[in-house]
J.: 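Below you'll find the structure I mean.
Remember, predicted model here, so these are calculated numbers, not experimental data. Side chains are part of it too, since the values below use all heavy atoms of this structure and drop only hydrogens, waters and symmetry mates. In the text below, chain A, chain B and the rest are named by the order of the sequence lines, each starting its count at 1.
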2 protein chains.
Amino acid sequence: MATLAAPAKTGETTRERIAREAALLFQRKGFHGTGMADVLAAAGVPKGSLYHHFPNGKADLALAAADWASGSLLGIVEDAFASATRWDDGVATLSHKLAKLFEESGRWAGCPITSTLFTNEEDERSRAATAAHLDRWTEAVARHAARMGCDDPAARAEGMWMAVQGAWTLSRVRRTGDPLRRVPRLLGLAPEPR
Amino acid sequence: MATLAAPAKTGETTRERIAREAALLFQRKGFHGTGMADVLAAAGVPKGSLYHHFPNGKADLALAAADWASGSLLGIVEDAFASATRWDDGVATLSHKLAKLFEESGRWAGCPITSTLFTNEEDERSRAATAAHLDRWTEAVARHAARMGCDDPAARAEGMWMAVQGAWTLSRVRRTGDPLRRVPRLLGLAPEPR
DNA sequence: TCCAGGCTGGACCGATCGGTCCAGGGAAGG
DNA sequence: CCTTCCCTGGACCGATCGGTCCAGCCTGGA
């Protein structure tokens, strides 16, 4: 292969690069707000290449982008909770981490998968994918909650994500990461990691 | 005037009807996902008419639609809190009301103004409008919180909206109003209105 | 009665949308 | 060295996008 624009930079395939760039664009501008031309330009790839890797076009691309973004977020979650020994610490660490990322990325990017898949109106396929990703995150957090001896870890995890989703929305509206940092307080937890 | 398609039904002006229909469409399909043709069809109005009332086209329309939706939601909020004598009751009543509305409207419609204005990427005008609407709702709720003797009513109101926004998102993902009904529990309040 | 102007109806426009198609480049395998 | 095939590059397409323009209707005021 070997094209221009850093394809084999880290062994990253063209397909991965397209998915990643698409994910970042969808997150910023939404699904309908992002044109294929935007993705092409960001990934530095011609049309034929994109449609080779994603034969069903934009719909495929949305799912792949959501996959990428979901995995990325899952990594952040695991990072935050891995070193935590108490539930409060895990939630606080994650909240602050998300707030920081939000601010570093221009204080506009929302939840990666709701941004990507939700503007895609009543398409059941992408809605189901969204639910699956959210379940994965919830399970991951619930596992940590259980490890730390929380009662009803599933409910804890679900509640945390509800708060995070709300905070993400408010953070975008206010253009500040503060609502995300207020997640622990909303849940009645210690606001800072110990 | 007098056109077809229920213009003077309730003394409603053409402009109002367009704004309302646009609001409902934006809420369901997002800003970029809704075409002017959709709005035209829903409102039963020709192009010339729409552009007479909204000279700046879609951008104007988004702001007007958000106004309409914001006022509508504010009415729901006032309704829910008007008869409440305790904070818990107000929040529970509102949560259940929103859950019911969500389910009745096809379990898809999210927050009316974030749906409308957020897909509109980094446009500062609409972001500011979103913030203003949210402030209005927060103030209204804070007023009730103060009336009921809550400490720090502003923080209470802000927290409630954070939870509601998160619940709205989760309700859409799961296609059930349950997350909205779980808002009081998330906030550590009585889950049912007394 | 007639005039003026707000509003409607719809033809029309260029730009951009997502998507198709195929010629050819280039590495891998024989 | 030659064949094979995956992938690239980009020309091209019809549909749809948001938006413009203007003729004419209808109403309220003089």
J.: Once rounded to the nearest 0.5 Å, what's the spacing between atom CZ of A:Arg20 and atom CG of A:Leu25?
T.: 11.0 Å
J.: Please report, rounded to the nearest Å, how far the P atom of D:dC6 is from the OH atom of A:Tyr51.
T.: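 Interatomic distance, OH of A:Tyr51 to P of D:dC6: 21 Å.
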J.: Measure the distance from CZ on B:Arg15 to C1' on C:dG6 and round it to the nearest whole Å.
T.: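 The distance from CZ of B:Arg15 to C1' of C:dG6 comes to 15 Å, rounded to the nearest Å.
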J.: Does A:His53 place a side-chain N or O at less than 4.0 Å from the phosphate oxygens OP1/OP2 of D:dT8?
T.: yes
J.: Looking at the side chain of A:Ser49, which of C:dC12, D:dT8, C:dT8 is the nearest nucleotide?
T.: D:dT8
J.: Can a donor-acceptor pair be found, under 3.5 Å and without considering hydrogens, that links the side chain of A:Arg127 to the backbone of B:Val173?
T.: yes
J.: Rounding to an integer number of Å, can you tell me how far B:Asp60 CG sits from D:dG18 P?
T.: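 Answer to the nearest Å: 15 Å.
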J.: Nearest to the A:Met36 side chain among C:dG19, D:dG10, C:dG10, which nucleotide is it?
T.: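 Among the listed nucleotides, the one closest to the side chain of A:Met36 is C:dG19.
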J.: Quick one: B:His32 NE2 to C:dG18 P, roughly how many Å, whole number?
T.: 11 Å
J.: Can you name the salt bridge (charged side-chain N to carboxylate O under 4.0 Å, His left out) partners of A:Asp60, sequence neighbours left out?
T.: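 Checked A:Asp60 against salt bridge (charged side-chain N to carboxylate O under 4.0 Å, His left out); zero matches.
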J.: What is the distance, rounded to the nearest whole Å, between atom CG of B:Asn56 and atom P of D:dT20?
T.: 9 Å
J.: Do B:Arg107 and B:Arg174 come close enough that some side-chain heavy atom pair is under 4.5 Å?
T.: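 B:Arg107 vs B:Arg174: side chains apart.
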J.: Can a side chain N or O of B:Thr14 be found less than 4.0 Å away from OP1 or OP2 on C:dT8?
T.: yes
J.: Measure the distance from CG on A:Leu61 to P on C:dG18 and round it to the nearest whole Å.
T.: 10 Å
J.: Within the pair A:His52 and C:dC21, is there a side-chain N or O less than 4.0 Å away from OP1 or OP2?
T.: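 It does not, given that no N or O in the side chain of A:His52 lies less than 4.0 Å from OP1 or OP2 of C:dC21.
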J.: By the ring-ring contact (aromatic ring centres under 6.0 Å, His included) test, which pairs, at least two apart or in different chains, include something from residues 160-194 of chain B?
T.: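 Matches after skipping sequence neighbours: B:Trp137-B:Trp161.
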J.: Specify the residue among A:Asp38 and A:Pro55 whose closest nucleotide of DNA chain C lies further upstream toward the 5′ end.
T.: A:Asp38
J.: Could you give the NZ-to-P distance, from B:Lys47 to C:dC13, as a whole number of Å?
T.: 13 Å
J.: A:Gly48 near the nucleic acid: base, sugar-phosphate alone, or nothing, with a heavy-atom cut-off under 4.0 Å?
T.: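 Counting heavy atoms under 4.0 Å across all strands, the contact made by A:Gly48 includes a base.
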J.: Quick check for you: among D:dT8, C:dC17, C:dT8, whose closest atom lies nearest to any side-chain atom of A:Pro46?
T.: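 The answer is D:dT8.
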J.: Rounded to whole Å, please give me the gap between NZ in B:Lys58 and C1' in C:dC17.
T.: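 Taking NZ of B:Lys58 and C1' of C:dC17, I get 12 Å after rounding.
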